[in-house]
Enquirer: 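There's a structure below that I have some questions on.
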Amino acid sequence: MSRRLGVLTLVGALALVPLTPSAAGAAEAPATTRAAAGGQFKVAPVGVWNGTVTFPTGQVEARMLFRPNGTLCLIAPPPGPEGGIEGQGTWKSSGRNTFTFQVKERFFDGAGNTTGYLRANHRATLRGNHFTSAGEGAFYDASGHEEDSFPVTSEMRRESRSDTC
């Protein structure tokens, strides 16, 4: 089982899979939204982000897309005969330069059967076109039983402000 978790950790820790490239010519989304109370601007990480995610057993390249409606999408490289990963999540502004996001990925075999899940929660700080985050991740088997949990951090740079998966 530890070999299986090592592979899952390397492959999927926190949305660690490439996303579909943004659509050409998509409308640019604003970088901030006005908060309801007091007119203070709050962070809006809308767009495609690339960077690295670090966890106890290593580091991987990641690509994520945050939409203006508070959702994010993750799409694994095209699945092969052995299966793949798919995922989605949500985000929300939590302050002037901060936001939180949650992701859930489903791992599946070549027949499309679920083999496990990854869930992660992050607290992020945005500065211009760069954000860093820290959080917790956990792997679950296909029945939903937790198999492993771990701390995770990320450093991401905005590729574009597109909001199309």
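When a residue number appears, it is its place in the shown sequence, counting from 1. Just so you know, these numbers use all the heavy atoms, side chains as well, and skip hydrogens, waters and symmetry mates.
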Enquirer: Distance to the ring centre below 6.0 angstrom and angle to the axis at most 45 degrees; does that hold for Lys92 and Phe99?
Expert: no
Enquirer: For the residue pair Thr54 / Gln59, report whether a side-chain donor-acceptor contact shorter than 3.5 Å exists.
Expert: yes
Enquirer: Indicate whether any N or O donor in one side chain lies under 3.5 Å from an N or O acceptor in the other, for Thr90 and Gln102.
Expert: yes
Enquirer: Using the salt bridge (Lys or Arg N to Asp or Glu O under 4.0 Å) criterion, which residues pair with Arg106? Sequence neighbours excluded.
Expert: Glu86
Enquirer: Return the orientation label for the Phe139 and Phe150 ring planes: parallel under 30°, perpendicular over 60°, tilted otherwise.
Expert: tilted
Enquirer: Going from CG on Leu65 to OG1 on Thr71, what distance comes out if it is rounded to the nearest 0.5 angstrom?
Expert: 8.0 Å
Enquirer: Take atom CD in Glu155; do more than 12 heavy atoms of anything else shown fall under 6.0 Å from it?
Expert: no
Enquirer: Please determine, by modelled atom types, if Thr98 and Thr125 share a side-chain donor-acceptor pair under 3.5 angstrom.
Expert: no
Enquirer: Considering only heavy atoms from C-beta outward, does the side chain of Met156 approach that of Arg63 to under 4.5 Å?
Expert: no
Enquirer: Locate the shortest heavy-atom distance separating Leu72 from Phe66; write the atom from each residue and the value.
Expert: CD2-CE2, 3.7 Å
Enquirer: For a 4.5 angstrom cut-off between non-hydrogen side-chain atoms, does His122 reach Thr100?
Expert: no
Enquirer: Over all heavy atoms of both residues, which pair between Ile85 and Phe108 is shortest? Give the atoms and the distance, please.
Expert: N-CE2, 3.5 Å
Enquirer: So which heavy atom on Ala142 is nearest to which on Thr114, and how close?
Expert: CB-O, 3.4 Å
Enquirer: Tell me the closest heavy-atom pair linking Trp91 and Val46, and the distance in Å.
Expert: CZ2-CG2, 4.2 Å
Enquirer: Would you name the heavy atoms of Tyr117 and Asp141 that are closest together and state the gap between them?
Expert: CD1-O, 3.7 Å
Enquirer: Who are the salt bridge (Lys or Arg N to Asp or Glu O under 4.0 Å) partners of Arg157, not counting sequence neighbours?
Expert: none
Enquirer: Should Thr132 and Thr153 count as side-chain neighbours, where that means a heavy-atom distance under 4.5 Å?
Expert: no
Enquirer: Closest heavy-atom contact between Leu126 and Trp49?
Expert: CD1-CH2, 3.4 Å
Enquirer: Between CZ of Arg158 and NE2 of His130, what distance do you get to the nearest 0.5 Å?
Expert: 12.0 Å
Enquirer: Which distance, rounded to the nearest 0.5 Å, do you find between the OG of Ser154 and the CE of Met64?
Expert: 6.5 Å
Enquirer: Does any part of the side chain of Ser149, heavy atoms only, come nearer than 4.5 Å to the side chain of Glu136, both counted from C-beta?
Expert: no
Enquirer: Would a 4.5 Å heavy-atom cut-off, applied to side chains only, mark Phe107 and Tyr140 as touching?
Expert: no
Enquirer: Can you measure from CD (Gln88) to CD (Glu105) and round to the nearest 0.5 angstrom?
Expert: 11.0 Å
Enquirer: Whether the Asn50 and Glu159 side chains hold a donor-acceptor pair (N or O, under 3.5 Å, no angle test) is what I'd like checked.
Expert: yes
